[in-house]
K.L.:
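First the structure, which I've put down as structure tokens, then a few questions once you've had a look.
Everything quoted here is computed from the prediction, not taken from an experiment.
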Amino acid sequence: MPASIGRIALIEDDSIMGESLQRALELEGWSTSWWQTGKEAIDGMRTGDPDLVLCDIRLPDMSGEEIFRAANSHCSAPPFIFMTAYGQIDQAVSLVRAGAHDYLTKPFELQPLFQKAREILSARLQRSADGVLGISPQMRRIEALLRRIAARSLPILFHGETGSGKEVCARFLHRVSPTADNPFIAVNCAAIPAELLESEVFGHEKGAFSGAHQRHLGYAERARGGILFLDEIAAMPLALQSKLLRVLEDRSFHRVGGETCISLNARIVCATSENLVEQIRHGCFREDLLYRINAVTVEVPPLRERLDDIPWLLSRYFSLTTQQEGAALRGISSLAEDAALSHPWRGNVRELRNRVERAVALATGPWLMPADLFPESRDASIESVDPILPLAAVRDAAERRQIERVLRETGGHILETARHLGISRTTLWEKMRRYGVGSDDTNE
């Protein structure tokens, strides 16, 4: 049985060594991309998203260090193992100090390399196997990023369409942070009248204004030690934006009508569905505040751009709803799943959850059917839900379902599954890795 599912990027200009290493890695069960120049490697990593990079330090067009720095210019860089000649050990050690995982001195035995690769890939797969936020590559990258920055106090800005899961991501960040036992206070800036928002966020003293009959502790004070989540931050009035900027700079504030300086001990996390650059251009948002709240910006993609998450979310919400309601339903039909994959999901995850809850409550048969999820399209064909869905996306989703079905039928036997599907074992492992199909129950 292969050591683990995973994709290794091999960067080696020597054709004999490169071919030999690629063959050895693939025989161990890993999918391998082999690049012979730095430019090929950088271009390939932008689209290929490898799980591990095995890189020579000297290449014809650039050094391994340049590739390493280029890869680490974004947050989802994979771990690097460098291959180096004896005379380059000092440079390899320097790269490890800079963040590379390890190095090997040429010539080296294959077994130590395989062991290092197993350890790295096993750890990465373990972190992403369950897919807390989703199983799509986009959501796994977001989950990995949030785990990396959970222990830091950097302000974070989540940007994405309404219902895409920005607050879910913020709550996950809180859950995996060292301050998870402290409060998570969510404030929807668009849902509170502008004239009350300052008092609600920062509190007020008794008599500060008409109707202030007693001291009121604001959300910022109640979030002490935890996270203050400011949703739809673009709806915050300009005057309050100015105060928030000062609060972020000084890490302290005053209640409305108060003179006592109160320390801000909460982490500020913001979210918006608006384009804040456009809001700045129209004079509706402070540019200096944007720079202060987006130390890390997390783009949460809409559901229609992460099709892998649709069946996963359908299954999760179906199980949750049937347990809560005690509904005796057998499951979601493949026709309903196909319809869901073709739906535009303008309301994103929130719409999907609402549709599943309604479908479970109103379903007349043992299986959820397309008409249960989309009653407004009862008389329409499945294809009419969204006729412009990319063909590649439909094919990928269908391949993933077929692989999962055959794995179930063969009891997770890889060779037998590959034979039924008419593909090689290596191709099957690669497709399983690509589609996020787990390997816990598979065998040779």
K.L.:
Check whether more than 12 heavy atoms from other residues, nucleotides or ligands sit under 6.0 Å from atom CD of Gln324, and answer yes or no.
P.N.:
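More than 12 heavy atoms, drawn from other residues, nucleotides or ligands, come within 6.0 Å of this atom.
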K.L.:
Go through the structure and list residues passing salt bridge (charged side-chain N to carboxylate O under 4.0 Å, His left out) with Glu205, not counting sequence neighbours.
P.N.:
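Applying salt bridge (charged side-chain N to carboxylate O under 4.0 Å, His left out) to Glu205 gives Arg215, Arg255.
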K.L.:
Looking only at atom types and distance, does a side-chain atom of Ser94 sit under 3.5 Å from a main-chain N or O of Asp90, one as donor and one as acceptor?
P.N.:
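No: the side chain of Ser94 does not pair with the backbone of Asp90.
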K.L.:
With rounding to the nearest 0.5 angstrom, report the CG to NE2 distance, Leu196 to His204.
P.N.:
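Interatomic distance, Leu196 CG to His204 NE2, rounded to 0.5 Å: 10.0 Å.
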K.L.:
Looking at residues at least two apart in the chain, or sitting in another chain, which of them share a side-chain contact (heavy atoms from CB on, under 4.5 Å) with Ala266?
P.N.:
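side-chain contact (heavy atoms from CB on, under 4.5 Å) list for Ala266, sorted by chain: Ala223, Leu228, Leu264.
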K.L.:
Does Arg330 reach the main-chain N or O of Gly365 with its side chain, forming a donor-acceptor pair under 3.5 Å?
P.N.:
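No; zero donor-acceptor contacts below 3.5 Å.
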K.L.:
Going by the angle between their ring planes, with limits at 30° and 60°, are His343 and Phe374 parallel, tilted or perpendicular?
P.N.:
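Tilted.
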K.L.:
What do you reckon, are the aromatic ring centroids of His174 and Phe184 less than 6.0 Å apart?
P.N.:
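His174 vs Phe184: aromatic centres under 6.0 Å.
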K.L.:
Within a radius of less than 6.0 Å around CD of Glu259, do more than 12 heavy atoms belonging to other residues, nucleotides or ligands occur?
P.N.:
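It does not: Glu259 CD has 12 such atoms or fewer within range.
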K.L.:
Restricting to side-chain contact (heavy atoms from CB on, under 4.5 Å), what partner residues turn up for Thr321, sequence neighbours left out?
P.N.:
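Once residues adjacent in sequence are excluded, the partners of Thr321 under the side-chain contact (heavy atoms from CB on, under 4.5 Å) criterion are Glu325, Val356, Glu357, Val360.
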K.L.:
Does atom CZ of Arg251 have more than 12 heavy-atom neighbours, drawn from other residues, nucleotides or ligands, at distances under 6.0 Å?
P.N.:
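For Arg251, atom CZ is crowded (more than 12 foreign heavy atoms under 6.0 Å).
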K.L.:
Cationic tip of Lys243 within the cone over Phe202's six-membered ring, i.e. under 6.0 Å and within 45° of the normal?
P.N.:
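Flagged: Lys243 positioned over aromatic ring of Phe202.
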K.L.:
Using a strict threshold of under 4.0 Å (side-chain N to carboxylate O), is an ion pair present between Lys166 and Glu161?
P.N.:
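No salt bridge links Glu161 with Lys166.
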